[in-house]
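These values consider heavy atoms only, across backbone and side chains, with no hydrogens, waters or symmetry-generated copies. Since this is a predicted model, take the numbers as computed values, not measurements.
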Amino acid sequence: MTHHPSPWRHVRAILQLPFVVTVLVPLCLLLLGPASGSTSWIWRLLGLALILAGLTLIVTTVRLLARSGGGTLAPWDHTVRLVVAGPYRYVRNPMITGVFAVLLGESLLFGSTALLLWFGGFVLVNVVYIRLSEEPGLRRRFGKDYDVYAANVPAWFPRPTAWDRG
């Protein structure tokens, strides 16, 4: 039997994690911080492209985590199966890569130093968290399957070709 989490579990996880990180915190920083500097149209265009690419990764990974993994993106409601499909064949952390892209895109779109600092701090915290907490948890839950996956798929910089666990 295939286990699919309820839509409500996904909505709750999305609202508590990527929505807060990519919408609420940036909105507060923009509203409460100093006025953003002007930015050229090329930076704004690059920012929009990063936001769209990041949102695409987020949506794709949420679907994969539900369909293939039987869980959500939340660490307290994690998958029950190791997901090694779609963007997970190129990089181990496409969900957080999508969030990083959205945050960097927002900082470029708005020309905001505060958002750029938020992006940098968020990247630092997540790199440490994933290395010290998430990866050991994946090793405990999935054992050798995760070890083989981690040995073949990089954590942060995508492979040029999709990994085939053949």
Side-chain angles (χ1 to χ4, degrees), residues 3-6 8-29 33 47 50-51 53-108 112-165:
H3 177 264
H4 294 288
S6 72
W8 172 241
R9 284 174 51 197
H10 285 290
V11 168
R12 188 174 53 214
I14 290 166
L15 289 176
Q16 289 175 322
L17 294 171
F19 183 79
V20 167
V21 169
T22 62
V23 176
L24 291 183
V25 171
L27 183 62
C28 289
L29 289 172
L50 282 168
I51 291 168
L55 288 173
T56 300
L57 266 176
I58 292 168
V59 168
T60 300
T61 55
V62 166
R63 285 183 180 154
L64 279 169
L65 292 173
R67 292 180 182 159
S68 299
T72 74
L73 60 92
W76 59 84
D77 192 12
H78 53 73
T79 61
V80 294
R81 289 176 300 283
L82 182 63
V83 178
V84 294
Y88 287 95
R89 295 176 63 203
Y90 294 89
V91 65
R92 290 195 318 261
N93 298 294
M95 166 59 70
I96 202 69
T97 300
V99 173
F100 290 169
V102 169
L103 291 177
L104 183 58
E106 289 172 341
S107 71
L108 294 174
S112 171
T113 303
L115 290 181
L116 187 60
L117 292 171
W118 168 238
F119 162 74
F122 188 79
V123 168
L124 180 64
V125 166
N126 276 277
V127 167
V128 171
Y129 168 78
I130 288 169
R131 180 71 62 202
L132 297 180
S133 180
E134 186 171 291
E135 288 179 352
L138 289 165
R139 280 192 171 83
R140 281 190 300 277
R141 288 192 344 257
F142 303 117
K144 185 154 178 67
D145 287 343
Y146 182 77
D147 290 334
V148 170
Y149 174 64
N152 288 284
V153 178
W156 302 108
F157 300 101
R159 294 168 47 102
T161 59
W163 178 61
D164 182 11
R165 63 177 162 177

Looking at every non-hydrogen atom in both residues, tell me the closest pair between [X] and [Y] and how far apart they are.
{"X": "I58", "Y": "M95", "result": "O-CE, 3.7 Å"}
{"X": "R159", "Y": "N152", "result": "NH1-O, 2.8 Å"}
{"X": "Y149", "Y": "V91", "result": "OH-O, 3.6 Å"}
{"X": "L64", "Y": "G86", "result": "CD1-CA, 4.0 Å"}
{"X": "L57", "Y": "P87", "result": "CD2-CB, 3.8 Å"}

Donor-acceptor pair, [X] side chain versus [Y] backbone, under 3.5 Å?
{"X": "R92", "Y": "A150", "answer": "yes"}
{"X": "S112", "Y": "L115", "answer": "yes"}
{"X": "N93", "Y": "W156", "answer": "no"}
{"X": "W118", "Y": "V21", "answer": "yes"}
{"X": "S107", "Y": "L104", "answer": "yes"}
{"X": "R81", "Y": "S68", "answer": "yes"}

Stepwise side chain to side chain contact (heavy atoms under 4.5 Å, CB included) test for I96 and F122
CA-CA 10 Å; I96 202 69; F122 188 79; 3.7 Å; yes
Within the structure provided, determine whether [X] and [Y] are in side-chain contact (heavy-atom separation under 4.5 Å).
{"X": "Y88", "Y": "T61", "value": "yes"}
{"X": "Y90", "Y": "V153", "value": "no"}
{"X": "V148", "Y": "W163", "value": "yes"}
{"X": "L103", "Y": "P26", "value": "yes"}

Counting neighbours of CZ on R141 that are heavy atoms of other residues, nucleotides or ligands and sit closer than 6.0 Å, is the number greater than 12?
yes
Answer yes or no: does atom CZ of R131 have more than 12 heavy-atom neighbours from other residues, nucleotides or ligands under 6.0 Å?
no
Distance (rounded to the nearest 0.5 Å) between [X] [atom1] and [Y] [atom2]:
{"X": "L116", "Y": "L108", "atom1": "CG", "atom2": "CG", "value": "7.5 Å"}
{"X": "N126", "Y": "T97", "atom1": "CG", "atom2": "OG1", "value": "10.0 Å"}
{"X": "L55", "Y": "L50", "atom1": "CG", "atom2": "CG", "value": "11.0 Å"}

Could you tell me whether R89 and D164 have a side-chain N and a carboxylate O separated by less than 4.0 Å?
no
